[in-house]
Amino acid sequence: MEDKIKQQVDLFRNRLMEGSDESLDHSGVNSRRVAERLTALAELGMTKEGGCRRISFSQEEKQAKDLVKQWMAEDGLDVHIDGAGNVFGRVEGETDGPAVVSGSHLDSVMHGGHFDGPLGVLSALEVASAWKDAGVKPAVPYEVVVFTDEEGARFNGGLLGSQSVVGELDMEQEVKRVDFNGRPFTDVLADVGLTPNGFREAKRNLDDVKAFVEVHIEQGKQLEKRDLPVGVVTGIAGPTWLSITFSGVAGHAGNTPMNDRTDALVAASEFMLNVKDFPGQVSDSGVATVGKLSVEPNGVNVIPGEVTLSVDIRDIKLEWKEELSKQIKEYAQQVSDAHGTTVSIQESMNVAPVEVPADMQAQAGEAMREALDVEPFYLPSGAGHDAMILGRYVPMAMLFTQSLDGVSHNPAEWSSLSDCVQTIHVLKRFVEKVMED
């Protein structure tokens, strides 16, 4: 290992242990074990900048999965790997029947952090480890899962493992993809011993799943602002992506009078300035973001003749998202009419949001009260997760862990060990409550 990488691993371990709190070590949960496992995974993909590069279908991701498989086996879990490379570790229960499943992913974005994904996997595993250390057998079967390729950094896709489990993956489209090096999808799969047919065969009988719960870092500041270690997710927003083009008339910037212009950028600018005001008129959880802009001809001395911009619209209820999208489309037309331009609107993505069932939210809230003696805080997830895919078919819940400064997908991503361990206690109590139901 390069000295710089080793230094970053040591820094990560030492910083993590600074947040340890021995009073949280009870009911079998071991904070040092959590810290050592987080550090061991961080080492696999650690960059010189202290971040993580463990992209899907890489050797680093494979090594991380192998390490988790080793920990599963050491803790007595029965380990199974399906054709999509998803890893399952199972603990049998006092009674047979559908299993409670928990987990997340181990792949990262190109220059990410060390908590997005791994915390969910290790939280789920720590519940099983805690039962083992306490000599407890769960009421019903329990499974820890590591999903393949949640982030999608390799092929600009994502959620492949969870989509395979529920039978949603369109492999005919996936095999057409090439990665950032131009390598075909099937060739990249072969590097880690996977095949397209394996993904097709990974569909699971979801009658065998009683519920799914995922721990994830918040990737926002709401918990930090309230000084809470953990929160209960109310729903996972689905994105609608719009591509909006305002078309005017390009002309000479010096010879065209101000009262004789049809400036596409002026129209687009008015739209962009005001689109931020629409989400709050529909719900407290909606967002709308203009993130991409193209101006033509894009010359210093030329009146813009055409502007194309993107709008990312999200909310946790389908009717709210549809209403927000409708209002934004109507406003684009109003702005265009007012400026004498024409406007075209194309919808390139529309993913349905998934609400967390009320009873699952309630049980998670009760678990937070019982485990931490803290009143639960409920918040939406604006980002997609594997839980969104599973939640379309089985009862689903999510717990968020506080994120320092709300930073994610960045080497600065951080959650304190204390917050992580407190989240694990809530997860453990929640899983036990679902099993008792």
For F88 and F147, take the angle between the two ring planes, folded into 0 to 90°, and tell me which bin it lands in: parallel under 30, tilted 30 to 60, perpendicular over 60. perpendicular

What about the rings of F115 and F12, do their centers lie closer together than 6.0 Å? yes

Would you sort out whether S31 and D25 count as a side chain to side chain donor-acceptor pair (under 3.5 Å), showing the intermediate values? CA-CA 6 Å; S31 59; D25 286 2; 2.8 Å; yes

Using the salt bridge (charged side-chain N to carboxylate O under 4.0 Å, His left out) definition, which of the options R204, R200, R392, K203 pairs with E168? R392

Is there side-chain contact between L16 and W414, with at least one heavy-atom pair below 4.5 Å?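 Yes, at least one pair of side-chain atoms sits under 4.5 Å.
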
Do I55 and F180 make a side-chain contact, defined as non-hydrogen atoms from C-beta onward lying under 4.5 Å apart? yes

If we ignore hydrogens and angles and just use 3.5 Å, is the side chain of [X] paired with the main-chain N or O of [Y] as donor and acceptor?
| X | Y | value |
| --- | --- | --- |
| T148 | G161 | no |
| T308 | S294 | no |
| D21 | S418 | no |

Salt bridge present between K433 and D437 (N-O < 4.0 angstrom): no

Any salt bridge linking E174 with R177? Criterion: basic side-chain nitrogen under 4.0 Å from a carboxylate oxygen. yes

Mark yes when over 12 heavy atoms from residues, nucleotides or ligands other than K62 sit less than 6.0 Å from its NZ; otherwise mark no.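 No - once you tally the heavy atoms of other residues, nucleotides and ligands closer than 6.0 Å, there are 12 at most.
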
One pair to check against side chain to side chain donor-acceptor pair (under 3.5 Å): N86 and H80. What are the steps and the verdict? CA-CA 8 Å; N86 297 313; H80 166 72; over 6 Å; no

Cation-pi check, R183 to F57: give yes when NZ or CZ is under 6.0 Å from the six-membered ring centre and within 45° of the ring axis, no otherwise. no

